[in-house]
Amino acid sequence: MALDKKEIISYIYERLMKSLGSQGWWPGDTQLEIIIGAILTQNTAWTNVSKAIDNLKKEKMLNVKDLKKIHIKKLASLIRSAGYYNIKAKRLKNFINFLIRNYQGGLKEMFNQDYLKLRPQLLQINGIGEETADSILLYAGCKPIFVVDAYTKRIFSRLGLIAENSNYDEIQSLFMDNLEKDVKLFNEYHALLVNLGKNICKVRPVCKICPLRDIINGKCKKI
DNA sequence: GACCAGGCACATC
DNA sequence: GATGTGCATGGT
């Protein structure tokens, strides 16, 4: 008997979790650090982002007040390793300015509202798109929003569960409509997909190392 | 040395 | 609305 979509989505999660275990996301000690990481990791390997965050830590810059004060050129130099450093310095500043203007610099105040109202506000900030906004909501704010990224799209279109040209909302709905709205579940599921994508599904356009369909029937040896 | 990475905004058609 | 391009470092 064939599994329906809901069962497949849950089954993939169960298998990934069983094979790879809890991912312990997001790597970061504070809400602000997570938000900064979410902006810096845009189209960038985490290893490069990690160095940038270490630099900010060393300079004791991981707070709203100092990020407001720091000159943008200096900020850019500190995050150099994360790539696109000029643009990302601007994006960090944009977020900090938004936070100060609307919430007196308080993340607690920002998150202390209906997250469905916060999401469009975040999307208004230049440099924060859907994935970054949702990462902020889920990983920094602990709100039940599913994060969609390039790996999610690649993996699930290869599985034939979404069309290759699906947009962000469509993919997000696949998960949000078929899973319990559970922060821990959304947290782990996205992180597991990134792990799977990074380590196993690099080969394009077809994954030759690990046929993804085998995830579903449990035959996959790699995970 | 080519290719890729946990995107996004903007220009152009 | 769809498609193309700039942004940039560091690992494989």
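This one's a predicted model, so the numbers in the text were calculated from it and none came from an experiment. Each chain gets a letter, A, B and so on, in the order its sequence line appears, and its residues count up from 1.
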In this structure, how many angstroms lie between the C1' atom of B/dG7 and the CG atom of A/L123, rounded?
13 Å
Would you indicate which nucleotide in C/dT9, B/dG7, B/dA5 comes nearest to any side-chain atom of A/R80?
C/dT9
Rounded to whole angstroms, how far apart are CZ on A/R91 and P on B/dC10?
9 Å
Using a strict threshold of under 4.0 Å (side-chain N to carboxylate O), is an ion pair present between A/D177 and A/K5?
no
Closest of C/dC7, B/dC8, C/dT9 to the A/I87 side chain is C/dC7
Whole Å only: how far is the CD1 atom of A/I39 from the P atom of C/dC7?
20 Å
Using a heavy-atom cut-off of under 4.0 Å over every strand shown, decide if A/L40 touches base, sugar-phosphate, or nothing.
nothing
Quick check on B/dA5: is either OP1 or OP2 less than 4.0 Å from any side-chain nitrogen or oxygen of A/R154?
yes
Going by an N to O cut-off under 4.0 Å, is there a salt bridge joining A/E188 and A/K184?
yes
Kindly say if A/Y85 contacts the phosphate of C/dT9, meaning a side-chain N or O under 4.0 Å from OP1 or OP2.
yes
Rounded to whole Å, the NZ-C1' distance (A/K88 to C/dC7) equals 9 Å
Side chain of A/T132 (C-beta onward), nearest among B/dC8, C/dG10, C/dA8
B/dC8
Nearest-angstrom distance, P atom, C/dA8 to B/dC10:
15 Å
State whether A/D29 and A/K57 are salt-bridged, where the test is any N-O pair (Lys NZ or Arg NE/NH1/NH2 against Asp/Glu carboxylate O) under 4.0 Å.
yes
To the side chain of A/N48, which of B/dC10, B/dG7, C/dG10 is closest?
C/dG10
Between CG of A/L196 and P of B/dA5 the distance, given in whole Å, is 14 Å
Scan A/K51 against the nucleic acid and name what it touches under 4.0 Å (heavy atoms): base, sugar-phosphate only, or nothing.
sugar-phosphate
What's A/A150 touching, base or sugar-phosphate or nothing? Going by heavy atoms closer than 4.0 Å.
sugar-phosphate
With a 4.0 Å cut-off on heavy atoms, is A/I128 in touch with a base, just the backbone sugar-phosphate, or nothing at all?
sugar-phosphate
Taking atom P of B/dC8 as reference, at what distance in whole Å does atom CG of A/L122 sit?
12 Å
Step through it carefully: locate the ring centre of A/F156, locate the ring centre of A/F175, and say whether they are under 6.0 Å apart.
yes
Ionic contact status for A/R158 with A/E164, cut-off 4.0 Å
no
Nearest whole angstrom, please: distance from the C1' of B/dG7 to the CG of A/N43.
6 Å
Against the side chain of A/T47, the closest entry in B/dG7, C/dG11, C/dA8 is C/dG11
For the pair made of CG in A/D54 and P in C/dT9, what is the distance, rounded to whole Å?
19 Å
